[in-house]
Amino acid sequence: MQRLIPPAIARQAILELGYNAVSARWKHLFGKSSRKVPLDAGFTCPNRDGTLSAGGCAFCNAQGSGTGLLSQGESLTSQWTYWREHRRERWGEVALVAYLQAFSNTHGPAWRLRAVLDELAGLPGLEGLCLATRPDCLDEEKLAMLGAFPTSELWLELGLQSANPATLARLNRGHDVECFVRAVRIAADKGVNICAHVMAGLPGESLEDFLATVDLINTLPVAGIKFHNYYVAHGSPLAVAYGKGAFPLLDMDGYVAALAQALARLRPDIVVHRLSADPAKEELLAPPWAEKKRLVHNAIKTALRREGIRQGMAWEKPA
């Protein structure tokens, strides 16, 4: 069972920052600042191993935004030890949250997920877990395992990207919106916090499409959200189409404006885990501004203050 955070914490974060930041939640929960520790559990993806297809999602790079350390002989325990030892001086006394980001970390048989969770549970100093996967890689047995994981904070990150069925097909996602909705509802019943991933500026989408995705999230028992600006990754299927001029990309001002509108419409209790994508320099093909994380964040915060925008101010609460 996840520990409840007083609504006043969210309200204060919204007043100070304009949005309900996960950093405020974790500061209250852990009593100190926090840092994520990226871990590679060696999972793959049904969109890459032939279960659904071999090409992957059209926006995804071949590494799935991971390190590949497990395949290099580094266990989860050794990866954790490395990060703890090498960042301790820089980070100071912080809460450490394990982050399994690469590919789909519940893909495959349930016994494999059990083995990974058992190893994670034994990591010294672990205070939270974030685990990314796809909605079609979940079932009640796996969600029950996650719900029983012994930590005060667990987030299951689920990629949706868009609520537009045509967009999901164009991206070769391999699942539909209903699959995401089912997974969220079952997870909520098991006491698992869901963090939804959504993208702005996807090829073929308008601002209205992006805001419609946020509107769908508002209707579901989603506890958190990650916003990403679409960027073109080297080696991704969409990189070829982009090279041929098949679609435009949002400029930074366009993304900032879209995100501000999304935050205004977002349910105020939903915790914001990310404001923009964070591509590695060697991964990014375009646009160049996407790698300037601090610049993007400063632009977002400036826009929120200038326009007087706060998360939830335009949310229409159901009757």
Side-chain angles (χ1 to χ4, degrees), residues 1-7 9-10 13 20-43 65-66 76-77 79-80 83-84 94-108 110-160 180 182-197 217 220-226 267 269-274:
M1 180 67 66
Q2 298 301 300
R3 192 177 301 174
L4 297 177
I5 302 298
I9 301 299
N20 183 7
V22 71
S23 57
R25 174 187 172 90
W26 286 353
K27 185 70 175 289
H28 174 84
L29 181 63
F30 302 133
K32 52 190 172 184
S33 297
S34 55
R35 292 290 185 275
K36 281 186 175 181
V37 176
L39 299 178
D40 173 35
F43 285 94
S65 300
L76 289 170
T77 302
Q79 292 175 51
W80 179 260
W83 279 97
R84 287 186 77 209
V94 296
L96 297 178
V97 177
Y99 183 29
L100 274 63
Q101 177 182 19
F103 295 119
S104 303
N105 289 276
T106 59
H107 180 43
W111 62 261
R112 186 176 181 193
L113 177 61
R114 167 58 66 194
V116 167
L117 293 177
D118 285 346
E119 185 173 0
L120 290 171
L123 296 179
L126 178 75
E127 298 198 51
L129 172 63
C130 296
L131 184 150
T133 192
R134 292 166 52 95
D136 55 353
C137 293
L138 292 166
D139 55 37
E140 295 216 11
E141 181 181 8
K142 293 175 182 176
L143 286 167
M145 290 181 190
L146 292 166
F149 187 75
T151 185
S152 61
E153 184 79 335
L154 182 142
W155 288 89
L156 182 63
E157 299 190 7
L158 281 187
L160 172 62
F180 176 85
R182 284 194 302 272
V184 168
R185 288 178 173 156
I186 296 172
D189 287 343
K190 300 293 183 185
V192 177
N193 285 334
I194 291 293
C195 176
H197 288 210
I217 296 297
L220 299 173
V222 167
I225 194 167
K226 275 189 173 180
R267 217 174 63 222
D269 63 288
I270 294 179
V271 181
V272 179
H273 286 241
R274 180 173 287 178

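These numbers were taken from a predicted model, which means no experiment stands behind them.
- With values rounded to the nearest 0.5 angstrom, L143 atom CG is found 6.5 Å from L156 atom CG.
- Between A223 and N193, the shortest heavy-atom distance links the atoms CB-OD1, 3.9 Å.
- Here CG of L96 is found 12.5 Å from CG of L129. Values are rounded to the nearest 0.5 Å.
- Salt-bridge annotation for R185 and D189: absent, with no side-chain N of the basic residue lying under 4.0 Å from a carboxylate O of the acidic one.
- The shortest heavy-atom contact between L138 and L158 is CD1-CD2, 3.7 Å.
- Listed here is the closest heavy atom pair of H28 and I9: ND1-CD1, 3.5 Å.
- Salt-bridge annotation for E157 and R274: absent, with no side-chain N of the basic residue lying under 4.0 Å from a carboxylate O of the acidic one.
- For the pair F30 and V97, the tightest heavy-atom approach, listed with the atom from each and the gap, is CE1-CG2, 4.0 Å.
- A heavy-atom distance below 4.5 Å is found between the side chains of K226 and C195.
- Side-chain contact between E127 and S34: absent, with no pair of heavy atoms (C-beta onward) separated by less than 4.5 Å.
- Side chains of S104 and F43 form no contact here, defined as non-hydrogen atoms less than 4.5 Å apart.
- Of all non-hydrogen atoms in M145 and A110, the two that sit nearest each other are CE-O, 3.5 Å.
- Taking all atoms of both residues into account, the shortest heavy-atom contact from L154 to L146 is CD1-O, 3.6 Å.
- In this structure H107 satisfies the ring-ring contact (aromatic ring centres under 6.0 Å, His included) test with no other residue, sequence neighbours excluded.
- In this structure the side chain of I194 never reaches within 4.5 angstrom of the side chain of P221, judged on heavy atoms.
- Take E140 and apply the side-chain hydrogen bond (donor to acceptor under 3.5 Å, both in side chains) test, not counting sequence neighbours, and it matches K190.
- Within the 4.5 Å cutoff, side-chain heavy atoms of I217 are placed close to those of I270.
- Between the T106 side chain and the C137 main chain, a donor and an acceptor come within less than 3.5 Å of each other.
- Rounding to the nearest 0.5 Å places CD of E119 at 12.0 Å from CH2 of W80.
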